[in-house]
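No experiment lies behind these values; they were computed from the predicted model shown.
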Amino acid sequence: LHGLDRLVRRSEGIGLVVGPPGTGKSLLLAKVADSVREDFDVALLSGARICTRRALWQSILAEIGEPYRGIDEAELRISIVERIRGLAATGSGLVVLVDEGHTLPTRLLEELRQLTNIPTPMPAVHIVLGGTSELEEILGSPKMESFTQRIGARYYLEPLDHAEAVAYVRTQMKAAGLDWDAAFEAGCD
């Protein structure tokens, strides 16, 4: 969380969070959104629901509270560019967090990269992608070289081992006011 927060605030490039299902990528992206929302416009997207350029622009605009219905694709993009320039003028920017990034078509990954090309005095578009190892395979393609050159940090999430899982469940039970010993037989951990 701290590394991704720093990556965004220091404009250190695109962030990548890779891990198998169930390792907390969605939760981490939501926490990053919470962490930077006070200083940036934030669009937390699910790549699984976006398959066209129009849907991408609409999703970003909807997330930042801008009109997006009944507007043609070119106007949607212009709206995003104008918002980014306005944010940059105030020293802020747009953070685009994409969960399930491995499901986003490569042409849309390229559209996101092109948002980082918008001329502003300081970098104003910050992107963090979360996905499975398939995302790294997609980004390893030669046609994605321009995108991968901009990756500033890669983070890898692993599943909890048995001891970590037990400690996590114990902590959650305690926070909920439940007693581990009352809920489980002795020695079950």
Side-chain angles (χ1 to χ4, degrees), residues 1-51 55-56 59-60 63-64 84 92-117 122-176 189:
L1 175 61
H2 298 295
L4 289 170
D5 183 272
R6 184 179 61 243
L7 176 96
V8 168
R9 292 182 188 280
R10 293 184 182 174
S11 302
E12 294 176 343
I14 295 172
L16 199 60
V17 178
V18 178
T23 53
K25 296 178 299 296
S26 300
L27 176 61
L28 180 57
L29 291 177
K31 297 302 262 178
V32 170
D34 290 344
S35 172
V36 300
R37 196 176 306 277
E38 191 172 306
D39 300 313
F40 297 91
D41 276 7
V42 176
L44 178 57
L45 311 176
S46 173
R49 291 182 273 160
I50 302 170
C51 50
L56 177 63
S59 296
I60 291 171
E63 283 287 311
I64 61 174
I84 290 166
S92 184
L94 172 66
V95 178
V96 180
L97 305 163
V98 183
D99 194 15
E100 303 294 331
H102 59 280
T103 65
L104 204 61
T106 55
R107 69 184 185 284
L108 297 185
L109 289 170
E110 180 60 18
E111 290 291 333
L112 287 174
R113 183 196 65 80
Q114 288 180 11
L115 281 181
T116 66
N117 287 342
M122 296 288 291
V125 178
H126 315 282
I127 299 169
V128 178
L129 300 175
T132 64
S133 58
E134 185 180 343
L135 179 58
E136 281 198 305
E137 291 173 22
I138 292 165
L139 295 175
S141 163
K143 66 182 176 180
M144 296 303 295
E145 184 177 353
S146 294
F147 191 97
T148 56
Q149 287 176 348
R150 296 191 186 188
I151 295 174
R154 295 173 189 252
Y155 297 95
Y156 297 91
L157 302 178
E158 298 292 331
L160 299 177
D161 64 25
H162 179 75
E164 292 167 328
V166 169
Y168 174 79
V169 173
R170 281 182 180 269
T171 301
Q172 294 302 309
M173 288 183 68
K174 184 176 182 178
D189 59 334

Verify the neighbour count for atom [atom1] of [X]: are there more than 12 heavy atoms of other residues, nucleotides or ligands below 6.0 Å?
{"X": "Glu38", "atom1": "CD", "result": "no"}
{"X": "Tyr156", "atom1": "OH", "result": "yes"}
{"X": "Arg170", "atom1": "CZ", "result": "yes"}
{"X": "Gln149", "atom1": "CD", "result": "yes"}

Do [X] and [Y] come within less than 4.5 Å of each other through their side chains, counting heavy atoms only?
{"X": "Leu56", "Y": "Ile60", "answer": "yes"}
{"X": "Glu136", "Y": "Leu16", "answer": "yes"}
{"X": "Leu7", "Y": "His126", "answer": "no"}

Report task. Check whether any side-chain N or O of Lys25 sits under 3.5 Å from a backbone N or O of Gly19 as a donor-acceptor pair, and report yes or no. Result -> yes
Report summary line: Sorted by chain and residue number, the salt bridge (charged side-chain N to carboxylate O under 4.0 Å, His left out) partners of Glu110 (sequence neighbours excluded) come out as Arg113
**Report entry** Chi angles and distances behind the side chain to side chain contact (heavy atoms under 4.5 Å, CB included) call for Leu109, Leu129
**Finding:** CA-CA 10 Å; Leu109 289 170; Leu129 300 175; 3.7 Å; yes
Which atom of [X] lies closest to which atom of [Y], heavy atoms considered:
{"X": "Val125", "Y": "Leu115", "value": "CG2-O, 3.5 Å"}
{"X": "Ser92", "Y": "Phe40", "value": "OG-CA, 3.5 Å"}
{"X": "Leu112", "Y": "Val98", "value": "CD1-CG2, 3.9 Å"}

